[in-house]
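Below is one structure; the comments refer to it alone.
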Amino acid sequence: MGDGSPEELMDFYSILLINYGHQNWWPAETPFETIIGAILAQNVSWTGASKAISNLINAGLLEPVKLAQENTDNIAGLIRSSRYYNQKAQKIKVFMDWFLQRFDAELMLMEKEPTNSLREELINLKGFGPETVDSILLYGLNKPIFVVDAYTRRIGKRQGWFDGNLSYNDIQDFFMKRIFKNVPLYNDFHAQIVRLGNKICKPKPNCNICPVKKEGKHILCVYGCNQIIE
DNA sequence: GACCAGGCACATC
DNA sequence: GATGTGCATGGT
């Protein structure tokens with residue numbers, strides 16, 4: 001169990017990188033696709049979100065002006081696989097209204113906005129919490145901001161880095177104070193955490209399939225089986 | 001059939 | 001501020 005030093009965090013990342021390879025996030029063709037994808041990916045498996053995005057693309061709607069003009073019910077019908085489809089259709093509408101009014105559908109203008117003020121504006125949109133906003137900033141707009149999710153919290157607690165009931169912002173600060181602010185690093189660090197947590201180690205009492213090894217020994221498990229900690 | 005996946009808003013105490 | 005609930009599909 002570690003002290004959460006910068007060196008330990010980078011060691012942790014290196015082990016994941018060696019075991020899993022670079023994750024190549026975000027799997028999207030355009031920044032706009034990433035932004036809509038961040039909404040659709042809320043609390044759902046990536047396969048579900050991905051199908052919803054494909055449906056929008058096939059309907060010719062993954063383009064700002066067209067998506068803004070489409071009615072909410074039609075969008076909801078296309079994104080059923082992403083779960084909470086009525087709420088998410090509404091969130092897309094909220095975003096499009098703000099985006100068109102604020103930036104005249106020009107993504108370039110949005111990208112030039114200072115990170116902090118942009119984060120504030122986005123987080124004030126209904127349906128946009130810190131994780132969704134930070135995903136948009138990092139993966140859509142290439143801003144150096146660390147994304148925190150449930151896995152990040154669980155793993156950090158398990159590793160002894162911080163208390164599990166810290167706030168989102170406190171956990172984000174923890175990482176950003178210790179990891180060099182580098183967009184590709186923040187990108188893949190979060191992706192590796194998700195890769196680690198995403199259905200690889202099942203929450204079984206006697207789990208022995210935890211995937212990450214160092215010198216032949218399992219070293220971590222996001223679900224807390226007690227037999228593999230170094 | 002149970003469980004959970006790349007959250008968030010809102011009500012209530 | 002902590003805790004509980006609605007949202008409501010699809011893969012394992």
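As the structure is a computational prediction, the values presented were derived from the model and not from experiment. Naming convention: chains lettered A, B, ... in sequence-line order (proteins, then strands); numbering from 1 in each chain.
- The gap from the P atom of C:dG10 to that of B:dC8 amounts to 22 Å, rounded to the nearest Å.
- In this structure, the CG atom of A:L78 is 15 Å from the P atom of C:dT9, given to the nearest Å.
- Atoms CD (A:Q90) and P (C:dG6) sit 21 Å apart, rounded to a whole Å.
- At a threshold of 4.0 angstrom between heavy atoms, the contacts of A:G48 with the nucleic acid are absent.
- Taking 4.0 angstrom as the limit, A:K88 places none of its side-chain polar atoms (N or O) nearer than this to OP1 or OP2 of B:dC8.
- Heavy atoms of other residues, nucleotides or ligands lying less than 6.0 angstrom from CG of A:N116 number 12 at most.
- Put simply, A:Y85 has a side-chain N or O that comes within less than 4.0 Å of OP1 or OP2 on C:dT9.
- Following rounding to the nearest Å, A:D170 (CG) and C:dA2 (P) show an atom-to-atom distance of 11 Å.
- The side chain of A:E131 lies closest to B:dG7 when the candidates are B:dA5, B:dG7, C:dG11.
- Distances were taken from every side-chain heavy atom of A:N86 (C-beta onward) to each of B:dG7, B:dA5, C:dA8; the shortest belongs to C:dA8.
- Nearer the 5' end of DNA chain B, as judged by each residue's closest nucleotide, is the contact made by A:R83, out of A:R83 and A:Y168.
- Taking atom CD1 of residue A:I123 and atom P of nucleotide B:dC8, one finds them 8 Å apart after rounding to whole Å.
- Taking atom C1' on both B:dA5 and C:dT3, the two are 22 Å apart, rounded to the nearest angstrom.
- Nucleic acid contact class of A:Q87 (heavy atoms, under 4.0 Å, all strands): base.
- Stacking of A:Y84 onto the six-membered ring of B:dG7 is present: less than 5.5 angstrom between centres, less than 30° between planes.
- Distance, A:Q42 CD to C:dC7 P: 16 Å, rounded to whole Å.
- Across the interface with DNA chain B, nearest-nucleotide mapping of A:L125 and A:A38 shows A:A38 to be the residue nearer the 5′ end.
- For A:W161 and A:F12, the gap between ring centers is short of 6.0 Å.
- A:I136 has its CD1 atom 12 Å from the C1' atom of B:dG7, to the nearest Å.
- Applying the 4.0 Å criterion to OP1 and OP2 of B:dC8, one finds that A:T132 has a side-chain N or O inside that range.
- Going from atom NZ of A:K91 over to atom C1' of B:dA9 covers 8 Å, rounded to whole Å.
- Atom CD1 of A:I193 is separated from atom C1' of B:dA5 by 17 Å (rounded to the nearest Å).
- Looking at heavy-atom distances under 4.0 Å, A:L138 makes no contact with the nucleic acid at all.
- Atom OG of A:S82 is separated from atom NZ of A:K51 by 12.0 Å, given to the nearest 0.5 angstrom.
- Residues A:Y85 and A:R80 bring a donor and an acceptor atom of their side chains to less than 3.5 Å of each other.
- Counting heavy atoms from C-beta outward, A:Y168 and A:E131 have side chains that approach closer than 4.5 Å.
- The pair A:R119-A:D134 meets the salt-bridge criterion, with a side-chain N (NZ, NE, NH1 or NH2) lying under 4.0 Å from an Asp/Glu carboxylate O.
- Contact annotation for A:N165: no contact, since no heavy-atom pair falls under 4.0 Å across all strands.
- Backbone-only engagement by A:K51 is indicated by non-hydrogen atom pairs under 4.0 Å involving sugar-phosphate atoms exclusively.
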